[in-house]
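Below is one structure; the comments refer to it alone.
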Amino acid sequence: MIKPYLYIEKTKKKGRGVFTKERIPAGTRIETSPVIVLSYDDTAKADKTKLHNYLFLWGVRETRSCVALGFCSIYNHSYDPNCEYEMDFDAETMSIITRREIKKGEELSINYNGEVDNTSPVWFDVKRQ
């Protein structure tokens, strides 16, 4: 399920991103998409490819990874994200939920570190929009 008011657009500094055509209230589940879970060995292989930038750590011990389908892998990173993601390891899905009200036309973002308040460095230079 991806809300019909979401769309992908190219940004000036961060490549593609996910945006909204409508205002979205805080606490709205805007997407729940399936994931493809990769084994530890497949994760090591994928980490050496362009897919590295689109993988999420997976499992309680984070020894595997997943490729999230839908728009999940297109949301850009922010240390002050307006959305958070939630993983369901049993159902093999990933959901995106708004943390605050989102304005029409606004870009949606998540913290790639998993926890919304985690300010640990990520593997790329963070661009401000």
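Everything numeric in this text was worked out from a predicted model, so none of it was measured.
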Check your understanding: Below 4.5 Å, heavy atoms only, C-beta onward: do Lys104 and Glu22 meet side chain to side chain?
Key -> no
Check your understanding: Phe89 and Met94: same hydrophobic cluster, using ILVMFWY side-chain contacts below 4.5 Å?
Key -> yes
Review point. Ion pair present between Glu9 and Arg16, side-chain N to carboxylate O less than 4.0 angstrom?
Key: no
Review point. Is there a side-chain contact between Ile97 and Ile30 (heavy atoms, below 4.5 Å)?
Key: no
Practice item. Would you check if Phe19 and Leu6 make a side-chain contact, meaning some heavy-atom pair closer than 4.5 Å? Key: no
Review point. Do Val60 and Trp58 belong together in a cluster built from hydrophobic side chains that touch within less than 4.5 Å?
Key: yes
Exercise for review: Look up atom SG in Cys66 and atom CD in Glu92, then write down how far apart they are to the nearest 0.5 Å.
Suggested key: 9.0 Å
Practice item. Determine whether Ile8 and Ile102 fall in the same hydrophobic cluster, where Ile, Leu, Val, Met, Phe, Trp and Tyr are linked whenever their side-chain heavy atoms lie under 4.5 Å apart. Key: yes
**Study point:** Nearest-0.5 Å distance, CG of residue Leu38 to CG of residue Asp47
**Key:** 9.5 Å
Exercise for review: Compare every heavy atom of Lys3 with every heavy atom of Thr28, then report the nearest pair and how far apart it is.
Suggested key: CG2-CE, 4.4 Å
Point to revise | Donor-acceptor pair between Asn111 and Glu84 side chains, under 3.5 angstrom | key: no
Exercise for review: Please find out if less than 6.0 Å separates the ring center of His77 from that of Tyr79.
Suggested key: yes
Check your understanding: Where do Arg64 and Gly59 come nearest, in terms of heavy atoms and distance?
Key -> NH2-CA, 4.0 Å
**Study point:** Contact summary for Ser109 and Ser78, nearest pair of heavy atoms
**Key:** OG-CB, 3.5 Å
Review point. How long is the gap from OG1 on Thr93 to CE on Met1, to the nearest 0.5 Å?
Key: 10.0 Å
Check your understanding: Under 4.5 Å between any side-chain heavy atoms of Cys72 and Glu31, yes or no?
Key -> yes
Check your understanding: Do Arg29 and Glu86 come within less than 4.5 Å of each other through their side chains, counting heavy atoms only?
Key -> yes
Review point. With side chains defined as the heavy atoms from C-beta onward, is the minimum distance between Ile110 and Ile96 less than 4.5 Å?
Key: yes
Check your understanding: Is Val18 linked to Tyr5 within one hydrophobic cluster, defined over Ile, Leu, Val, Met, Phe, Trp and Tyr using a side-chain heavy-atom separation of less than 4.5 Å?
Key -> yes
Point to revise | Interatomic spacing from CD1 in Ile24 to OG1 in Thr98 - rounded to 0.5 Å | key: 6.5 Å
Practice item. May I ask you to check whether over 12 heavy atoms, not counting those of Arg100, lie within 6.0 Å of atom CZ? Key: yes
Check your understanding: Do you know the tightest heavy-atom contact between Thr43 and Ser65?
Key -> OG1-OG, 2.7 Å
Review point. Should Lys103 and Arg23 be marked as a side-chain contact (heavy atoms from CB on, under 4.5 Å) after you check the CA-CA gap, both sets of side-chain angles, and the distance that decides it?
Key: CA-CA 5 Å; Lys103 297 174 186 160; Arg23 182 191 70 79; 6.0 Å; no
Exercise for review: Check Tyr7 against Thr20 and note the closest heavy-atom contact, atom names and distance.
Suggested key: CE2-C, 3.5 Å
Review point. So, do Tyr85 and Tyr75 have ring centers that fall under 6.0 Å from each other?
Key: no
Check your understanding: Is there a donor-acceptor contact under 3.5 Å from the side chain of Thr63 to the main chain of Tyr40?
Key -> no
**Study point:** Transitive ILVMFWY side-chain link Phe71 to Leu51, under 4.5 Å
**Key:** no
Exercise for review: Evaluate the side-chain proximity of Ile2 to Ser33: yes if any heavy-atom separation is below 4.5 Å, no if none is.
Suggested key: yes
Practice item. Compare every heavy atom of Gly17 with every heavy atom of Thr11, then report the nearest pair and how far apart it is. Key: CG2-N, 4.3 Å
Check your understanding: Any side-chain heavy atom of Leu108 sitting closer than 4.5 Å to one from Asn82?
Key -> yes
